[in-house]
Protein chains: 2
Amino acid sequence: MTATPTDERAQQARPKRADARRNEQTLLDAAAALFVTSGVNAPVRDIAARAGVGVGTIYRHFPTRSDLIVAVFRHQVEACVAAAPRLLAARESAHQALAEWVDLFVDFLVTKHGLASALHGDNDGVDTLHTYFVGHLVPACGLLVAAAIATGEIRGDIGPYELLRAVGSLAAGEGQADDTAAESPAERAYDARRMAAVLIAGLRLS
Amino acid sequence: MTATPTDERAQQARPKRADARRNEQTLLDAAAALFVTSGVNAPVRDIAARAGVGVGTIYRHFPTRSDLIVAVFRHQVEACVAAAPRLLAARESAHQALAEWVDLFVDFLVTKHGLASALHGDNDGVDTLHTYFVGHLVPACGLLVAAAIATGEIRGDIGPYELLRAVGSLAAGEGQADDTAAESPAERAYDARRMAAVLIAGLRLS
DNA sequence: ATGGTTTACGGAGCAGTGTTCCGCTTTCTT
DNA sequence: AAGAAAGCGGAACACTGCTCCGTAAACCAT
């Protein structure tokens with residue numbers, strides 16, 4: 001244990017092979033493209049084929065599908081996290097900031113085919129995905145919730161975790177077979193943003 | 001087309017064979033039992049094995065998984081439908097009746113492994129399931145919503161269909177890996193009933 | 001350059017799904 | 001009892017996720 005040089009991983013214990021780095025990026029691009037057209041549950045073989053690699057290569061770089069999804073959406077999640085304090089500072093009311101942030105979050109989820117559903121872990125290795133999202137977004141959401149509680153705008157017995165889960169669930173509902181162009185008054189199509197807004201409204205103290 | 005006797009199907013054009021009727025019931029029992037232990041996505045082979053029939057027999061009686069699910073839960077859905085007018089008559093406030101009915105509905109969904117998720121149609125032949133639920137529950141929910149709108153208790157721009165979908169989505173969120181026995185104030189575990197209640201509260205006119 | 005070592009790749013193959021199809025069995029009718 | 005109709009069983013196919021290991025590529029020392 002002399003100086004444990006391996007701890008200094010930042011000093012590239014040994015950089016990955018060139019083709020490995022190239023393949024990782026290629027895979028990310030292929031996955032991102034396929035996620036748009038076929039949703040986050042696109043077959044592994046398809047992603048591999050699109051990237052021009054074998055399936056083994058995918059599993060080496062991204063052991064579980066969650067790892068791949070997280071890698072693809074990392075930037076957008078971080079942007080969402082960063083928006084929380086910004087909104088809080090820019091808006092007059094904390095509740096208003098929370099509402100807008102939730103809208104942002106829902107927008108992010110519904111524009112990715114099945115991302116919200118994937119969060120719901122029907123599958124097995126979804127832990128990574130869930131953990132990542134919770135780990136990053138709960139603090140951001142918590143900031144806004146705490147602020148709104150402090151100003152007495154919303155009830156104090158709802159935690160950011162459950163709120164996030166609820167909003168995520170509402171977002172998962174969108175994207176079904178809903179071609180009722182009729183738009184009749186009482187049978188309006190499902191809109192996750194609207195329902196999320198209702199939920200946030202329900203947080204208010206009477 | 002003389003008298004078209006086949007139209008009078010109620011007059012048993014020709015009753016199903018005895019073994020067919022027996023198998024259908026056996027399958028329903030087997031499916032119900034397996035749905036409890038393994039969720040509504042239990043493998044077709046398992047259901048067939050438990051009923052002691054071949055997989056072909058399942059597909060003959062229930063062409064899609066939705067048909068089977070609908071058949072298994074028909075009674076409970078009808079009970080839920082029947083509860084709506086009863087609650088409306090028994091409660092002072094329409095909003096209160098709506099809240100209790102939603103609670104009933106959420107309870108029904110969360111006690112069936114993955115039923116709510118199945119409603120969310122990741123799969124293909126979920127149309128039947130979705131159609132059945134919507135067809136029966138939207139009117140029931142609509143009754144309560146209309147009453148609450150009429151009394152001026154809730155906003156008038158939310159339809160029963162989207163409300164039902166939202167509640168179903170919230171219910172789908174429950175049943176994850178959530179063993180946080182800690183129950184810390186801000187990180188409370190997800191409870192679909194609580195969140196559904198918040199949603200219903202959000203319907204109120206300020 | 002060259003040889004040896006390490007790293008990474010490819011894709012065949014396994015296991016678990018849903019779904020179809022058709023020869024055989026059971027039931028019903030006469 | 002015999003023929004016809006209805007129903008059954010499960011092999012077989014298609015499509016998944018995932019593993020494993022022989023082979024190829026990249027790297028490093030000389």
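Quick note on labels: first sequence line is chain A, next is B, and so on, each numbered from 1. For the numbers below, each heavy atom of this structure counts, side chains included, while hydrogens, waters and symmetry mates do not.
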Item to complete: Send over the distance from A:Tyr59 OH to C:dG13 P, rounded to a whole Å.
Response: 18 Å
Worksheet item: Do side-chain atoms of B:His113 reach the backbone of B:Ser38 as a donor and acceptor pair under 3.5 angstrom?
Response: no
Worksheet entry | Spacing of B:Leu68 atom CG relative to C:dT19 atom C1', expressed in whole Å | 15 Å
Worksheet item: For the pair made of CD1 in A:Ile47 and C1' in C:dG10, what is the distance, rounded to whole Å?
Response: 17 Å
Item to complete: Treat primed atoms plus P, OP1 and OP2 as sugar-phosphate and everything else as base, then score nucleotides 3-11 of chain D 5' to 3': B for base contact with protein heavy atoms under 4.0 Å, S for sugar-phosphate contact only, - for none.
Response: --BBSBBBB
Discussion item. In this structure, how many angstroms lie between the C1' atom of C:dA8 and the CD atom of A:Gln25, rounded?
Written reply: 18 Å
Practice prompt. Can you tell me the distance, in whole Å, between the CG atom of A:Asp46 and the C1' atom of D:dG17?
Written response: 12 Å
Worksheet item: Closer to the 5' end of DNA chain D via nearest nucleotide, is it A:Ala18 or A:Thr64?
Response: A:Thr64
Worksheet item: Do A:Glu24 and A:Lys16 meet the salt-bridge criterion of a basic N to acidic O distance under 4.0 Å?
Response: yes
Discussion item. Quick check against the 3.5 Å criterion: does B:Glu153 have a side-chain atom that pairs as donor or acceptor with the backbone of B:Ala94?
Written reply: yes
Worksheet item: For the side chain of B:Arg165 and the backbone of A:Gly173, is there at least one donor-acceptor N/O pair under 3.5 Å apart?
Response: yes
Item to complete: Write down the distance between CZ (A:Arg22) and C1' (D:dA26), rounded to a whole number of angstrom.
Response: 10 Å
Fill in: Distance-only side-chain donor-acceptor flag, A:Asp29 / A:Thr26, under 3.5 Å
no
Discussion item. Strictly distance-based, threshold 3.5 Å: is any side-chain N or O of A:His95 a donor or acceptor partner for the main-chain N or O of A:Ala147?
Written reply: no
Discussion item. Without decimals, in angstroms, what is the distance between B:Ile58 CD1 and C:dG18 P?
Written reply: 9 Å
